[in-house]
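First up is the structure itself, then whatever we jot down about it.
Every number for a ligand or one of its atoms is a count from 1 in the order of the listing.
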Amino acid sequence: MARQRKVRSIIVLPDARLRQVSQTVPTFDQNLIEQFADMEAAMRSGPGGVGIAAPQLGDNRRIMVVDCTVARHSCRNHGLLHLVNPEIIEHSGDDVLGREGCLSVPDWIGMVSRARIIRLKYQDMQGETYEMEASGFEARVIQHEVDHLDGILFIDRVVSTHDLVRRMG
Ligand code: ZN
């Protein structure tokens, strides 16, 4: 029988761990693979989870998971991404406004301006370095998750607090 992975709970505001700057990952080992599995399980445990960053599980490492294939609206995307030490090295295209929510800020959504196209440098679980370009909704999700690694939440970036509204239903 398959071993059941216990879903770790996502920490929410005002937990101070969400506000820390996360540390660069120096070693690529089994522990990292386990952490990715925990993050993916937590991301998929709620409705509409398209990304999660390690600080949301109280882990202070620069790791995140993105999967925009499950987004309600279809978008160009790279499928399931396991990103270690991600770094946005280029922003391009006009900034676009879009609605954002966060598993760590339950019940709230807001309008945030993000670059339409980004170029991302990152490492995979084995420590190999890659670069990729993302656009549209996937670029938005990546920018949101990289912010988590720097202790920044989408509510810090909402255009105005009038745009921060309680999710209904
Ligand atoms: Zn978030």
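Considering CG of Leu153 and NE2 of His144, their distance stands at 7.5 Å, rounded to 0.5 Å. The CG atom of Asp15 lies 8.5 Å from the CD atom of Gln20; values are rounded to the nearest 0.5 Å.
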If you look only at distance, which donor and acceptor atoms sit under 3.5 Å apart when one is on a side chain in residues 110-118 and the other is two or more places apart or in another chain?
residue, atom, partner, partner atom, Å
Arg114, NE, Glu100, OE2, 2.8
Arg114, NH1, Asp147, OD2, 2.9
Arg114, NH2, Glu100, OE1, 3.0

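With hydrogens and angles left out, the side-chain atoms of Arg62 and Gln123 include no donor and acceptor closer than 3.5 Å.
More than 12 heavy atoms of other residues, nucleotides or ligands shown are found within 6.0 angstrom of CZ on Arg19.
Around the Zn ion (ligand 1), protein N, O or S atoms at less than 2.8 Å number 3.
No donor-acceptor pair closer than 3.5 Å links the side chain of Arg119 to the backbone N or O of Ile89.
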